[in-house]
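The block underneath contains the structure these notes are about, expressed in structure tokens.
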Protein chains: 4
Amino acid sequence: MVGGVQGERRDQLVAAAFRRVAEMGFEGLRLRQVAEDVGIDHSTLHHHFATKQDLVGAVAEYTTRHFWAAAPQSAEPAAALREHLAALRRMIEDRPDLLVVTAELDLRGRRDPAVAAAMEHHEAGWREVLTGVLAAGAAQGVWARPVEPVVATELVIATVKGVRLTPRVAAQAFEQLEALLIGGASGNAEGERQ
Amino acid sequence: MVGGVQGERRDQLVAAAFRRVAEMGFEGLRLRQVAEDVGIDHSTLHHHFATKQDLVGAVAEYTTRHFWAAAPQSAEPAAALREHLAALRRMIEDRPDLLVVTAELDLRGRRDPAVAAAMEHHEAGWREVLTGVLAAGAAQGVWARPVEPVVATELVIATVKGVRLTPRVAAQAFEQLEALLIGGASGNAEGERQ
Amino acid sequence: MVGGVQGERRDQLVAAAFRRVAEMGFEGLRLRQVAEDVGIDHSTLHHHFATKQDLVGAVAEYTTRHFWAAAPQSAEPAAALREHLAALRRMIEDRPDLLVVTAELDLRGRRDPAVAAAMEHHEAGWREVLTGVLAAGAAQGVWARPVEPVVATELVIATVKGVRLTPRVAAQAFEQLEALLIGGASGNAEGERQ
Amino acid sequence: MVGGVQGERRDQLVAAAFRRVAEMGFEGLRLRQVAEDVGIDHSTLHHHFATKQDLVGAVAEYTTRHFWAAAPQSAEPAAALREHLAALRRMIEDRPDLLVVTAELDLRGRRDPAVAAAMEHHEAGWREVLTGVLAAGAAQGVWARPVEPVVATELVIATVKGVRLTPRVAAQAFEQLEALLIGGASGNAEGERQ
DNA sequence: GATGAATGAGATTTCATTCAT
DNA sequence: AATGAATGAAATCTCATTCAT
């Protein structure tokens, strides 16, 4: 072990693969380039990942892992939702690569069970958190209109996925969603728009 | 000319390519297979499309063209919106291939200017129609809450894009969106869910 | 017959092919481009030349035909030789394409009997003329040193072929050859050099 | 590494490519055949030479390298020239392939800078050697007629290039050249002719 | 863990040629 | 004479993967 930490090379490779996917899509992912980016021979890459699919699976985990940072912290439902959407908006703006790769993974998951599993796991966690927040809010009657938590969860998730690739419109969509769910923000959120 | 109709072969090739993309993604698009699907030699394909990109560009047009069918007809804003979402929900359920390819195209457009142009053209038309409907509704005060048409348009588009790949949850997201925008349907639209 | 003159298209095609060979070598000769240069469909070219080889054969004839212009006119041997070399030097400088294609043809002739025949015919005529001049000069004792016409012919031909591709040094080589054969020019031909 | 010697495969490939060019010209150079000749898969060839041009460049070096063997050794100018021409005549007769490929390279160099550079380097060395010999001879007054070394060099090079493809006439041209430059041999060297 | 050579399957593209119209 | 569609052979190059060292 040269680096001293086990799996360091592995991590470097995953990060490099992630970067390549963000830039060129899975269509343009080349193991040789990934190895080169890390500074090792391309055949050495196979010591860490037996097949390309294995590496792709690791990229899926690596990518989804970052989204835990967007989990809401606040105990108050309306604040938690606002917080969550704000965190996601920041990610969309600051780390578009993460969102692009998520979109790539959703498509890739259609043909790659390992990726599908990783994405489902990721979404399951997300759904759970969101449904919790929405249910709490419903129980406390904080939403502008009565919503069914499970159903509203899908709308929130859909909205996020729908603006993944277009940071330009993310703020608007989120703002409108908040306005409809939480209310009161409909006409006074101009400062948020770009 | 075997079929006698000009460009028939071209159309067949585009349709075949579309099918392959729907199944395997652009990642898995192979000109040889496309030609085989149509029953011609793969070198003849280059007689109709000089490069792969040209074929892909044609697929982009072919795909987006189908979405005109989902344009709302009704003159009444609330009905038009409902109609539009219903039509889209039907497409998502009956023609998942169209939606999948749209998602593929959005990603491909990031590296292929011809595709990007086709998608932007498509979206511009969609935006225009939606904003028209939403503005009309706002003028007539039919929405549950005051909305800014341009902003709400982004939410609708995002929602559609967000459920493109998951017919399973499309109905729920659309139902919630309608409930929030039009009102009255909140929680009692279980009949729509599968 | 559109052009009114029989074989006009044929001639155009040969000329276009010649130009392509001059530019890109036989390596880069493409029937499609030749047809395009002339403004006809590439399959129409086959009405004029059944195969590529046929066209190449025609190019060989076309090219060698131009060299009759360099045949010496003068009756006086020394003047005839000088005249001949001067004419060739002018061709090398003004029509490098002709010389380049000749070099291409010499190589191509190694694998293409039709080309080989054309080139041999061309060289046979050249040899005859040159040997005639050199023999006449020998009979009249005009050469600086006694030469055997047939042998000296080879030296002259070799010299010309040897500078075919390098107009830059053609004058020098010819000047030196004249100086050795005719004499007297060894030190006073500076005006000829570039 | 099978052979144990670094670059052995590379050398084999260059030699095989050289042979193919000698036989079929650059026009007929096929990487697949070259690889086959050496007994490796054609894709492995790309491991050693990234592109065809790279291989062609190596062939240029390989070919020109052989001509050092024809450099004159003798210190005496007339002997050195005679020696040089004799060595070249032997090469033309014994290794016509080397001369043919040189002719191919001169033509290819018109479109391939790497080849052009190799050929120019080769010729520069040749010119230097020849001019040295001719200058020494001029200083010692050993030539039949006063010659300017740089100019005469071009005549010698042109003559060699001019008979490259026709071993049949090489002896005659060289003999005549020697006779004119060195003198004394004019017309009585029949023994050399075939 | 790392390397370089090798593989084999395959991808896009090119091109001379043919054929029906 | 001309065209456009089609063909099939082939060419260069790519890439994931394997193996011996």
Side-chain angles (χ1 to χ4, degrees), chain A residues 1-3 6 8-10 28-35 38-56, chain B residues 1-4 6-10 28-35 38-55, chain C residues 1-3 6-10 28-35 38-56, chain D residues 1-4 6-10 13 28-35 38-55:
Chain A
M1 230 173 306
V2 172
Q6 213 208 358
E8 192 183 347
R9 261 293 143 78
R10 235 187 105 92
L29 179 61
R30 301 288 174 258
L31 296 191
R32 222 173 281 240
Q33 283 183 320
V34 171
V38 165
I40 64 173
D41 191 90
H42 69 278
S43 44
T44 303
L45 184 149
H46 286 278
H47 283 282
H48 300 276
F49 298 96
T51 71
K52 190 178 187 177
Q53 260 207 348
D54 292 349
L55 176 59
V56 168
Chain B
M1 230 177 303
V2 172
Q6 212 209 0
E8 192 185 345
R9 261 296 143 78
R10 241 185 102 94
L29 179 61
R30 299 291 172 254
L31 298 189
R32 212 181 289 242
Q33 286 183 322
V34 171
V38 165
I40 63 173
D41 191 275
H42 70 279
S43 53
T44 303
L45 186 151
H46 283 92
H47 189 63
H48 299 276
F49 296 96
T51 70
K52 190 179 187 177
Q53 258 208 353
D54 290 349
L55 177 58
Chain C
M1 230 175 306
V2 172
Q6 212 207 1
E8 189 182 352
R9 262 293 143 79
R10 235 186 106 91
L29 178 61
R30 300 290 172 257
L31 295 191
R32 223 174 279 240
Q33 283 183 321
V34 170
V38 164
I40 64 173
D41 191 90
H42 68 278
S43 44
T44 303
L45 183 150
H46 285 278
H47 282 283
H48 299 276
F49 297 95
T51 71
K52 192 179 188 179
Q53 260 206 349
D54 291 348
L55 176 59
V56 168
Chain D
M1 228 177 302
V2 171
Q6 213 209 358
E8 192 185 347
R9 260 296 142 78
R10 242 185 101 92
L13 287 166
L29 179 61
R30 300 291 171 252
L31 297 190
R32 212 180 288 243
Q33 286 183 322
V34 171
V38 164
I40 63 173
D41 191 274
H42 70 279
S43 52
T44 304
L45 185 151
H46 283 93
H47 189 63
H48 299 277
F49 296 96
T51 70
K52 190 178 186 177
Q53 259 208 352
D54 290 350
L55 177 59

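Chain A is the first sequence line, chain B the second, and so forth, proteins listed ahead of strands; every chain is numbered from 1. Small disclaimer: the values here were computed from a predicted structure and weren't measured.
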To the nearest Å, give me how far apart CD (Q33(B)) and P (dA11(E)) are. 7 Å

Starting the side chain at C-beta, find the nucleotide from dA6(E), dT3(E), dT12(E) nearest to R30(B). dT12(E)

Would you compute the distance between atom OG1 of T51(C) and atom NE2 of H46(C) and round it to the nearest 0.5 angstrom? 8.5 Å

Rounded to whole Å, the NZ-P distance (K52(C) to dA9(F)) equals 19 Å

Whole-Å distance between dA9(F) P and R32(D) CZ? 13 Å

Hey, which sits more toward the 5' end of DNA chain F by its nearest nucleotide, G39(B) or L29(D)? G39(B)

Starting at CG of L45(D), measure out to CZ of R10(D) and round the result to the nearest 0.5 Å. 10.5 Å

Measure from the side-chain heavy atoms of H48(C) and tell me the nearest of dA1(F), dC19(F), dT7(F). dA1(F)

Nearest-nucleotide comparison on DNA chain E, the residue closer to the 5′ end among I40(D) and Q53(B): I40(D)

Can you identify which nucleotide, out of dT17(E), dA11(F), dT3(F), has its nearest atom closest to the H42(C) side chain? dT17(E)

With a 3.5 angstrom cut-off on both distances, give the Watson-Crick or G-U wobble partner of dT21(F), or none if there isn't one. dA2(E)

Pairing partner of dA16(F) (Watson-Crick or G-U wobble, both distances under 3.5 Å): dT7(E)

Do L29(A) and K52(A) touch side chain to side chain, with heavy atoms closer than 4.5 Å? yes

Of the candidate nucleotides dT17(F), dT14(E), dT17(E), which contains the atom at the shortest distance from the side chain of H46(C)? dT17(E)

Polar side-chain contact H47(A)-dA2(E) base: donor and acceptor under 3.5 Å: yes

Does dA9(F) pair with anything, Watson-Crick or G-U wobble, both distances under 3.5 Å, and if so, with which nucleotide? dT14(E)

Check the distance between dA5(E)'s C1' and D41(A)'s CG and give it to me in whole angstrom. 10 Å

What pair of heavy atoms forms the shortest contact from Q33(D) to G28(D), and how long is it? OE1-O, 4.2 Å

Separation of L31(D) atom CG from dA9(F) atom P, in whole Å? 21 Å

Using a cut-off of strictly less than 4.0 Å, decide whether T44(A) has a side-chain nitrogen or oxygen near OP1 or OP2 of dT3(E). yes

Can you measure R10(A) atom CZ to dG1(E) atom C1' for me and round it to whole angstrom units? 14 Å

Taken to the nearest whole Å, CD/E8(C) to P/dA2(F) is 11 Å

With a 4.5 Å heavy-atom cut-off, do L13(D) and I40(D) have their side chains touching? yes

In whole Å, I'd like the distance from the CG atom of L45(C) to the P atom of dG4(F). 15 Å

